[in-house]
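What follows is one structure encoded as structure tokens, with my remarks underneath.
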Amino acid sequence: MMINVTAPVPSPAKKDKKLHIMTWGCQMNVYDSAKMADLLSPLGFGLSDDAEGADLVILNTCHIREKASEKIFSELGRLHKQQKEANAAGPKMIGVAGCVAQAEGEQILARAPYVDMVFGPQTYHRLPEMVAKAMRAKGGQIGGGVIDTDFPAESKFDHLPAQTAGQGPSAFLSVQEGCDKFCTFCVVPYTRGAEYSRPVNAILAEAQRLIDSGAKEISLLGQNVNAYHGIADDGSTWGLGQLIAAVATLNVERIRYTTSHPRDMDDALIAAHRDIPQLMPFMHLPVQSGSNIMLEAMNRKHTRDDYMRIIEKTRAASPDIAFSSDFIVGFPNESDKDFESTLQLIRDVNFAQAYSFKYSERPGTPAANMAGQIPEDVKTARLAALQELLFAQQRSFNEGFIGQTIPVLFDRHGKLDGQLLGRTPHMQSLYVQNGKDMFGQTAHVKIEKVTTNSLEGVIV
Ligand code: 5AD
Ligand code: SF4
């Protein structure tokens, strides 16, 4: 998935340089891209929707699966071709950020020597310095790019600017970063570093700024967001449940959080779903597999029963809640029986939506070296069967809303006049045709039609 970060609320400083950021992967990357734009704004960079004629194009990359990484090199090739064309439509400078930069910094410069900067997710606070350095190198025609993939002793959060460009009605707020869990298939602990939680007051101050700049909904982000354990002013350590309760005291209509790990679910977070009206009835809780043998081999450190207990407890606290998950098919040594256990878990939970992937070998992770890799055609067949079941559940979840009237926060414009897109409390994507002047507002919508991926209705 690629998202173009578009221009936020302009700030008064003169922007004589054009910056374009392409963002792949998770919401953490979307958040980081917004931060990069903030950081470069004092240097005169203004965000632009297209790469043509840009002074700087940054590719904020994702390394989680092979396909995600491959795209970077084809995109770089395309940009370089534009650079070489006579009409000067190509970007003057190219930077590669994110997890591919972290994991493959040297290889990127070897394969694409025209890249000016390569910098990992923990280095964004040094971006102005890097850009200045790269511009000097460019002026002096010095070859070779600037590379920065260090993990600083302190978190980058301590150095990021306070100002956050307006993100619109629905805003992301990063509260936790990194991962120490080392699932055997995953690169995140290597590219994003150890778990770190931001202090409570920094988060609440940022939440207030987002609200002041128009946010109605705040999504608290973290690679393991429910592992949050931030320090409050009185020296105590807060969990995510407590943090959500504090954010709820601000003038915010909706609160969400993602992504959670089953191992970090606690009673306070489950209780928050019962007690905090702004907390949306939706939980993204990746399980990856329904087979205990696979869960063990993946180093998930929870069983299928642990997962089912969390689902039951959360449903008891908040009967209306909808669940989403991530699944991997074709992990090394996955048997037909293991795969069937995953299908059975899906039938037992009944998901409102989910993401599912074929296992992708990531260099440097333990699973990449395991014997028993699954042939591609088996992975393909399993993914198709899994998705058939998940899509059927998603569709019937959506169908259950036909005729109902539900509150929707409209946070995106559609192509046609009056067309608006938004999210339901359960995170479904919804659009209306009669949304004139309702952007950024919550309205009650009567659902008329549904598909697997979206709902359509009219504002009543
Ligand atoms: N292969 C396939 N899927 C993966 N994910 C993480 N690493 C891999 C991999 N090597 C998936 C997991 C995770 C989601 C963000 O990406 O399901 O929850
Ligand atoms: Fe990757 Fe596992 Fe950490 Fe999630 S919990 S980021 S899947 S290592």
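Please read all numbers here as calculations on a predicted model, not as lab measurements. Both counts, for ligands and for their atoms, begin at 1 and track the order of listing.
Arg362 places no side-chain N or O within donor-acceptor distance of the main-chain N or O of Val187, the cut-off being under 3.5 Å.
For Phe401 and His426, the ring centers are positioned less than 6.0 Å apart. In this structure, Phe351 has its ring center closer than 6.0 angstrom to the ring center of Phe327.
The 4.0 Å heavy-atom shell around ligand 2 contains residues Cys179, Lys181, Phe182, Cys183, Phe185, Cys186, Val188, Pro189, Asn224, His261, Arg300, ordered by chain and number. Using a heavy-atom distance under 4.0 Å as the criterion, the protein contacts of ligand 1 are Ile64, Arg65, Phe185, Gln288, Asp326, Ile328, Phe357, Lys358, Tyr359, Ser360, Arg362.
Here Arg382 pairs with Glu334 in a salt bridge; the nearest charged N to carboxylate O distance falls below 4.0 Å. A salt bridge does not link Arg423 with Glu217: none of the charged nitrogens is closer than 4.0 Å to a carboxylate oxygen. In summary, Asp320 and Arg315 do not engage in a salt bridge, as defined by a charged side-chain N under 4.0 Å from a carboxylate O. A salt bridge does not link Glu177 to Arg198: none of the charged nitrogens lies less than 4.0 Å from a carboxylate oxygen.
Thr303 and Asn292 are not linked by any side-chain donor-acceptor pair at a separation below 3.5 angstrom, with hydrogens and angles left out of the test.
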message: Checking Thr442 against Glu253 for the side chain to side chain donor-acceptor pair (under 3.5 Å) test, could you report, in this order, the C-alpha distance in whole Å, the side-chain angles of both residues, the deciding distance, and whether it holds?
response: CA-CA 9 Å; Thr442 302; Glu253 282 179 28; 2.5 Å; yes
